[in-house]
Amino acid sequence: MSQPQNTAARRLVETLVANGIDKVFCVPGESYLAVLDALADVRDRIEVITCRHEAGAANMAEAYGKLTGRPGVCMVTRGPGATHASIGVHTAHQDSTPMILFVGQIALTDRGRGAFQEVDYREVFGGLAKWATELESPERTVEVVERAFATALQGRMGPVVVALPEDLLHADGGPAPKRPVMPARAGLDAATLAQIGDRLKAAERPLIVVGGSGWTTGAAGALADWAERHMIPISGSFRRKDIIGNDRPNYAGDLGLGCNPKLTARARAADLVIAIGARLGENPTQGYTLFDRDHTGGVLVHLHPGPEELGRVWPTLISGVADNSLAALALTTLEPGRDWADEARAANEAFLAFSTPVEVTGAVNMSVCMQHLGEALPHDAIITNGAGNFAAWLHRFYRHNTCKTQLAPTSGAMGYGWPAAIAAKAVDRDREAICVAGDGDFLMTGQEMATAVQHGLNPVVIVVDNSTYGTIRMHQEGHYPGAERVIATDLKNPDFVMWAQAFGAFGIRCETTEDFPAALETARAEARTRGVPALIHLITSAEDIAPGRTISGLRKG
């Protein structure tokens with residue numbers, strides 16, 4: 001039996017439709033069945049993707065937000081459902097991704113009694129989200145949800161959490177939505193732009209650093225064209241390597257983990273650093289050592305949509321509160337009247353050398369495999385990953401030449417890549433989505449293989465199996481070397497090919513570098529022709545713990 005047309009649950013769903021939401025990622029719960037029932041009436045406009053774990057659902061919503069620029073919507077039930085989903089909220093916060101998490105809540109009349117699965121979501125998510133609230137007046141449902149959209153999208157983008165008491169969802173929801181939320185976007189003011197232009201003309205060693213969220217492909221391309229025309233060295237922040245095409249002759253690389261020492265030296269020596277959207281946090285600044293606070297006040301131009309980020313760590317020469325894309329487009333109007341060809345050429349040569357494959361000890365050379373991946377895939381293929389040392393090979397040796405082709409958590413969240421690849425296919429079934437995952441990383445959300453099969457989504461995952469938690473093992477060997485000191489980092493893994501086949505997916509095993517191209521092509525073909533996910537079980541050696549590092553070498557000190 002359908003519910004009345006004016007309930008809070010229906011008003012919530014109507015507001016999602018009005019704001020262009022076409023996907024909802026969820027694990028169902030009895031606490032918000034009224035919302036699910038309302039979604040049943042708009043299934044021609046909103047696809048509900050049922051996930052197998054709330055962490056997977058939240059990661060999918062975060063990836064949707066990164067790709068589309070619209071808030072990714074996740075729905076979970078109360079208590080453990082919400083706390084499972086908190087990982088995606090944390091990633092959305094760290095990565096400045098628009099996202100809304102709706103949490104079914106106990107009845108308002110039972111609040112404060114320690115009811116079954118009762119949680120104070122304002123308290124739990126207050127430090128993780130931009131805004132955490134609870135619906136208390138059902139007639140204000142549209143107001144609350146529209147505020148959630150505005151908060152997620154304006155300034156520094158981020159996640160919002162809205163708790164939904166189950167008894168209020170059946171009450172009168174008040175007025176219907178009239179129009180979509182139109183978020184405000186700050187542009188770069190003329191005076192600030194003029195100051196930047198003057199400093200750029202006087203600079204001898206400039207460097208542009210791009211990062212953050214909300215970039216449009218048009219703005220990223222315009223900035224890349226302008227920087228190339230004037231041959232200004234340009235780099236990406238941590239896991240933002242796709243904003244600027246890596247094939248540009250002035251591209252200098254990315255300021256991530258395991259960064260090119262020549263790029264860090266360039267950044268330190270720069271007499272003008274123009275950071276657009278990048279927060280310049282711990283990882284891109286190499287543990288806050290890349291810059292010196294006494295120095296940045298004379299060289300740093302920091303442009304960011306969130307004023308709270310400006311001057312947070314680094315004193316600036318010039319600060320500007322502006323949307324990343326609008327700031328980039330404003331910069332392209334500057335005419336410095338010169339170029340920096342020698343600087344750009346040296347920066348790009350250093351990048352090309354650093355991203356050239358290296359030697360390894362084992363039968364699989366990940367640097368060659370990742371280089372081949374870049375050569376074999378179309379330029380618009382979406383590459384996803386979670387966290388672990390396996391990602392160092394991907395980030396260093398895979399080159400992104402198209403904007404919005406990288407989905408990777410700056411939060412360092414394990415288990416992100418596989419749900420992100422599934423979300424990428426849900427957003428655009430015609431684009432290829434390839435996840436590169438470590439063995440420990442993959443099994444944190446690997447059960448979402450069932451989600452992909454159920455919804456007819458066919459990403460490919462490369463499971464890099466070295467039977468260890470690689471990042472932790474690397475630090476363990478560095479701080480406490482010796483085989484007798486290894487503890488808690490070894491892994492006993494399943495046969496991932498059989499594991500994939502059990503879900504109805506395709507699986508193939510690969511044990512040598514030479515076999516990787518054929519394994520990749522077979523997996524892609526199976527995914528394409530059968531319409532199912534495909535898995536490559538890539539067996540690697542833990543000895544090759546990171547590019548240029550071995551366990552034996554770490555033990556020697």
Side-chain angles (χ1 to χ4, degrees), residues 239 256-258 357-374 376-377 381-398 406-409 412-421 433-446 448-449 459-474 489-500 505-524 527 533-551:
R239 289 182 170 166
L257 297 173
V358 297
E359 293 184 359
V360 299
T361 65
V364 169
N365 187 328
M366 277 288 291
S367 65
V368 174
C369 293
M370 294 302 97
Q371 182 188 60
H372 174 77
L373 189 68
L377 295 179
I382 299 169
I383 307 300
T384 75
N385 65 270
N389 264 27
F390 71 91
W393 302 92
L394 171 65
H395 296 334
R396 179 168 168 178
F397 301 104
Y398 185 93
Q406 182 180 34
L407 292 175
M414 294 181 71
Y416 175 87
W418 182 230
I434 310 290
C435 171
V436 181
D439 44 357
D441 168 68
F442 179 67
L443 280 186
M444 290 199 172
T445 51
E448 301 304 337
M449 183 71 76
V460 173
V461 58
I462 303 167
V463 179
V464 184
D465 181 0
N466 64 357
S467 297
T468 189
Y469 283 122
T471 300
I472 311 308
R473 178 69 176 276
M474 180 179 70
T489 50
D490 285 339
L491 297 174
K492 178 66 174 177
N493 287 318
D495 182 326
F496 282 106
V497 171
M498 295 180 66
W499 189 90
F506 173 78
I508 187 171
R509 186 179 176 95
C510 180
E511 299 185 23
T512 68
T513 308
E514 293 72 23
D515 289 342
F516 180 75
L520 176 65
E521 181 51 39
T522 300
R524 292 172 64 203
L535 180 150
I536 301 171
H537 188 185
L538 185 61
I539 309 299
T540 65
S541 169
E543 174 66 11
D544 298 307
I545 199 67
R549 292 188 179 186
T550 62
I551 287 179

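Nothing fancy with the numbering, it's 1 onward along the sequence. A quick note: this is a predicted structure, and the numbers were derived from the prediction, not measured.
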Between [X] and [Y], what is the shortest heavy-atom contact and its length?
X	Y	answer
A433	A421	CB-O, 3.7 Å
R239	A408	CD-CB, 3.6 Å
W393	V360	CH2-CG1, 3.8 Å
M370	Y398	O-CD1, 3.7 Å
D465	D439	OD1-OD2, 2.9 Å
P419	E448	CG-CG, 4.5 Å

side-chain contact (heavy atoms from CB on, under 4.5 Å) partners of [X], counting only residues at least two apart:
X	answer
A518	none
A413	I87, T91, P409, S411
P357	S367, V368, Q371

Can you list everything that forms a salt bridge (Lys or Arg N to Asp or Glu O under 4.0 Å) with R396? Sequence neighbours excluded, please.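 None.
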
Partners of E511 by salt bridge (Lys or Arg N to Asp or Glu O under 4.0 Å), sequence neighbours excluded?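 Checked E511 against salt bridge (Lys or Arg N to Asp or Glu O under 4.0 Å); matches are R509.
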
Main chain of [Y], side chain of [X]: is a donor-acceptor contact present, judged purely on distance under 3.5 Å?
X	Y	value
T471	N389	yes
T513	A363	yes
N365	E359	no
T445	G415	yes

Note, [X] side chain near [Y] side chain (heavy atom, < 4.5 Å):
X	Y	answer
V364	I539	no
L377	I383	yes
F390	I462	no

Measure the spacing between [atom1] of [X] and [atom2] of [Y] and express it to the nearest 0.5 Å.
X	Y	atom1	atom2	result
N466	M366	CG	CE	9.0 Å
W418	L443	CH2	CG	12.5 Å
L538	I508	CG	CD1	11.0 Å
I434	R524	CD1	CZ	6.5 Å
F442	M449	CZ	CE	4.0 Å
M474	T468	CE	OG1	11.5 Å

Tell me which donor-acceptor pairs under 3.5 Å the side chains of residues 543-551 have, and how far apart each pair is, sequence neighbours excluded?
{"from": "E543", "atom 1": "OE1", "to": "S552", "atom 2": "OG", "distance (Å)": "3.3"}
{"from": "E543", "atom 1": "OE2", "to": "S552", "atom 2": "N", "distance (Å)": "3.3"}
{"from": "E543", "atom 1": "OE2", "to": "S552", "atom 2": "OG", "distance (Å)": "2.7"}
{"from": "D544", "atom 1": "OD1", "to": "T361", "atom 2": "N", "distance (Å)": "2.9"}
{"from": "D544", "atom 1": "OD1", "to": "T361", "atom 2": "OG1", "distance (Å)": "3.0"}
{"from": "D544", "atom 1": "OD2", "to": "T361", "atom 2": "N", "distance (Å)": "3.3"}
{"from": "D544", "atom 1": "OD2", "to": "T361", "atom 2": "OG1", "distance (Å)": "3.2"}
{"from": "D544", "atom 1": "OD2", "to": "G362", "atom 2": "N", "distance (Å)": "2.9"}
{"from": "T550", "atom 1": "OG1", "to": "G553", "atom 2": "N", "distance (Å)": "3.0"}

Give the intermediate values and the outcome of side chain to side chain contact (heavy atoms under 4.5 Å, CB included) for residues V436 and L373. CA-CA 10 Å; V436 181; L373 189 68; 4.2 Å; yes

